[in-house]
Structure formats: structure tokens, C-alpha cells
S.K.: 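Please see the structure below; I have some questions.
Both counts, for ligands and for their atoms, begin at 1 and track the order of listing. Only this structure's heavy atoms are used, side chains among them; waters, hydrogens and symmetry mates stay out.
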Amino acid sequence: MDKNLNNLKKLPKHIAIIMDGNGRWAKKNGKKRVAGHEAGAKAVNKVVDAVSKLGIKHLTLYAFSTENWGRPKNEVNTLMSLLVSSLKSEIHSLLEKNIKLTAIGSLKKLPKLVQNHLYDVIKKTSLNNGTNLTLALSYGAREEINQAVIQISEKVKNNLILTRNIDETIINEHLYTKNLPDVDLLIRTSGEVRISNFLLWQIAYAELYFTNELWPEFNEDSLSMALESFNKRERRFGKTS
Ligand code: FPP
């Protein structure tokens with residue numbers, strides 16, 4: 001990784017990544033889409049490793065969206081199998097690197113086998129206190145906000161929350177990300193410049209970084225460039241400098 005990173009004055013506490021372009025990478029390289037996702041999984045390992053070495057506390061990866069259920073059945077199955085094989089193969093590395101795995105999304109919708117492996121790794125890494133790696137699986141920000149509204153309404157109905165006390169803290173506490181800080185840096189690969197229903201609430205003041213690289217091409221140097229860009233930005237949070 002770029003040595004200059006040691007000179008960076010500020011590192012984000014929370015990086016979120018929209019890992020896009022596996023399919024286009026496969027096409028570009030004359031391979032099947034499944035090979036694109038496999039190469040994407042390898043890029044995940046590299047980036048998790050780099051983030052953890054830098055001591056960045058939170059990394060959230062958009063691995064499967066609520067909309068991704070609409071892909072052809074065999075592609076959904078491929079992604080689910082890849083998830084299971086990655087969970088199996090990476091558990092030792094996560095433990096060795098002191099990485100804690102968590103997941104956000106409508107996890108009940110995942111196949112039972114995926115849920116079992118996921119909860120197993122979450123449990124086994126729960127005492128780790130290095131980087132917190134969060135996988136967004138069957139995740140959609142609107143659905144997340146929708147379920148928060150339902151939970152809060154129920155609590156209002158049962159007099160557990162007063163309507164006049166509903167504020168940003170209460171809303172935060174009912175999101176899947178209740179244990180995570182706001183996103184500081186959001187990265188999207190593949191040249192698409194949109195958010196695609198990812199962490200809509202949590203990116204309110206995030207710095208956005210878009211790169212034309214396809215996700216399987218994203219590596220330690222790409223991360224360095226994103227961090228250098230983050231470093232040059234002046235974050236005012238709506239105030240003056
Ligand atoms: C976008 O590429 C990527 C996904 C839909 C899924 C992300 C999955 C991985 C990176 C692999 C496995 C993940 C883990 C956590 C082990 P795309 O298929 O939308 O690409 P395209 O837009 O070029 O078709």
C-alpha cells in the first residue's frame with residue numbers, strides 16, 4: 001500500500017462501499033458473470049485487509065440489496081453460495097486480524113444455510129475489537145427506514161415513546177445501523193454515480209467518492225486514492241470553515 005498513507009492527517013472512522021461492476025468486469029475479460037463475482041469476493045478480502053491494517057474502525061459493504069432478489073435465480077444462488085464459501089474460508093483470517101463481523105438488512109429473507117453460517121461467524125468474532133466489518137445483505141435503506149417507523153409507531157401506541165420526543169437519536173436507535181456511527185466516506189466503483197438505496201439516512205454528511213474502476217479491480221492502491229481524496233476535503237457539516 002502507498003507509504004504516503006502514514007502521512008494522512010485524517011482517516012474516516014466509517015467507510016461504506018457500493019461494490020459495483022462484477023458483471024462488467026467479467027464481460028470485459030471474456031468470462032461468465034459468476035467469475036466476476038468470484039473476483040469481487042477476492043477484492044473484498046484485499047480491501048478488508050487494507051482497512052483493518054490502517055486501523056479504520058468501521059467498514060460496511062453493500063453485498064446484496066433488496067433489489068438483487070430480482071436477478072435470475074442462478075445468479076442469486078451463485079451469490080449466496082459465494083457468501084457461504086467466503087464465510088467458511090475467511091473465519092480464521094477474521095479471527096487472526098481481530099475483525100468483528102456484523103450484518104444489516106432483512107436477514108430473515110436469506111436462505112437458512114446462509115443465515116446459519118453468517119450467525120456462526122458473527123458469534124465467533126463477536127469479542128473482536130479491531131475493525132467492525134458489516135455486510136449489508138438483503139439490505140434496502142427505504143425498507144430499513146420503513147421498519148424503524150413501524151417499530152417507533154408501536155412504541156408510541158404502547159406509551160413507550162412520546163410523539164414529541166421522537167428525534168434523530170430515537171430514529172437512529174431503530175435503524176439496523178444503531179451500533180454504527182454515520183458514514184464518513186462512501187465509495188462506489190464502476191463509474192455509476194448513484195446511491196442505489198444504500199444507507200440513505202447514514203450518509204447525510206458523508207463524502208462521496210466515485211471511481212471508474214470495476215469492483216474486482218479495486219485494490220489497496222485504489223483505497224489509498226480514495227483516502228487521499230477524503231483527506232483533501234474540508235468537511236463543514238453545514239457550518240462555515
Ligand atoms: C455488483 O456487481 C455486485 C454485487 C451485486 C454483489 C457484490 C458481491 C460481491 C462483491 C461478491 C461476494 C461478496 C462477499 C461479501 C463475499 P454487478 O453484478 O451489479 O455488476 P454489473 O453492474 O457490472 O453487472
S.K.: Less than 3.5 Å apart, any donor N or O on the side chain of Ser106 or Ser138 sitting next to an acceptor on the other?
M.R.: no
S.K.: Scan side-chain atoms only and decide if Asn172 and Trp201 contain a donor-acceptor pair under the 3.5 Å cut-off.
M.R.: yes
S.K.: Which one of Leu83, Asn68, Leu82 has a non-hydrogen atom at the shortest distance from atom 12 (C) of ligand 1?
M.R.: Leu82
S.K.: Taking atom types as modelled and ignoring hydrogens, do the side chains of Thr134 and His58 form a donor-acceptor contact shorter than 3.5 angstrom?
M.R.: no
S.K.: For atom 13 (C) of ligand 1, what is the nearest protein heavy atom, given as residue, atom name and distance?
M.R.: Val44 CG2, 4.3 Å
S.K.: Which residue and atom name correspond to the protein heavy atom nearest atom 3 (C) of ligand 1, and how close is it?
M.R.: Met19 O, 3.1 Å
S.K.: If the cut-off is 4.0 Å to any non-hydrogen atom of Ser86, which atoms of ligand 1 fall inside it?
M.R.: 16 (C)
S.K.: With respect to Trp215, determine whether any N or O atom, backbone or side chain, lies less than 3.5 Å from an N or O atom of ligand 1.
M.R.: no
S.K.: Determine the interplanar angle of the Tyr62 and Phe198 rings, folded into 0 to 90°, and report it as parallel if under 30°, tilted if 30 to 60°, perpendicular if over 60°.
M.R.: parallel
S.K.: Does ligand 1 have an atom that lies less than 4.0 angstrom from a heavy atom of Arg71?
M.R.: yes
S.K.: Can a salt bridge be assigned to the pair Arg24 and Glu192 using a cut-off of 4.0 Å between side-chain N and carboxylate O?
M.R.: yes
S.K.: Based purely on interatomic distance, does Gly23 place a nitrogen or oxygen under 3.5 Å from a nitrogen or oxygen of ligand 1?
M.R.: yes
S.K.: Just by modelled atom types, is the Met19 backbone N or O under 3.5 Å from a matching donor or acceptor in the Arg188 side chain?
M.R.: no
S.K.: Would you please determine whether Leu61 falls within less than 4.0 Å of ligand 1 on a heavy-atom basis?
M.R.: no
S.K.: Can you sort out which atoms of ligand 1 are near His37, meaning under 4.0 Å from one of its heavy atoms?
M.R.: 11 (C), 18 (O)
S.K.: Using only heavy-atom distances, determine whether the side chains of Thr240 and Arg236 contain a donor-acceptor pair under 3.5 Å.
M.R.: no
S.K.: Can you confirm, on distance only, whether ligand 1 has an N/O atom lying under 3.5 Å from any N/O atom belonging to Arg33?
M.R.: yes
S.K.: May I ask you to identify the nearest protein heavy atom to atom 2 (O) of ligand 1, giving residue, atom name and distance to one decimal place in Å?
M.R.: Asn22 N, 3.2 Å
S.K.: With a sphere of 6.0 Å drawn around OH of Tyr205, does it hold more than 12 non-hydrogen atoms of other residues, nucleotides or ligands?
M.R.: no
S.K.: Among all protein heavy atoms, pick the one closest to atom 6 (C) of ligand 1 and tell me residue, atom and distance.
M.R.: Ala63 O, 3.2 Å
S.K.: Relative to the heavy atoms of Arg24, which atoms of ligand 1 are at a distance of less than 4.0 Å?
M.R.: 21 (P), 22 (O), 23 (O)
S.K.: Please confirm whether the backbone N or O of Leu208 pairs with a side-chain atom of Arg233, one donor and one acceptor, at under 3.5 Å?
M.R.: yes
S.K.: So, regarding Tyr62 and ligand 1 (criterion: nitrogen or oxygen to nitrogen or oxygen, under 3.5 Å), is there a contact or not?
M.R.: no
S.K.: Is a side-chain donor-acceptor pair under 3.5 Å present for Gln202 with Thr177?
M.R.: yes
S.K.: State the atoms of ligand 1, each with its element, that fall below the 4.0 Å cut-off from a heavy-atom position in Asp20.
M.R.: 1 (C), 2 (O), 17 (P), 19 (O), 20 (O), 22 (O)
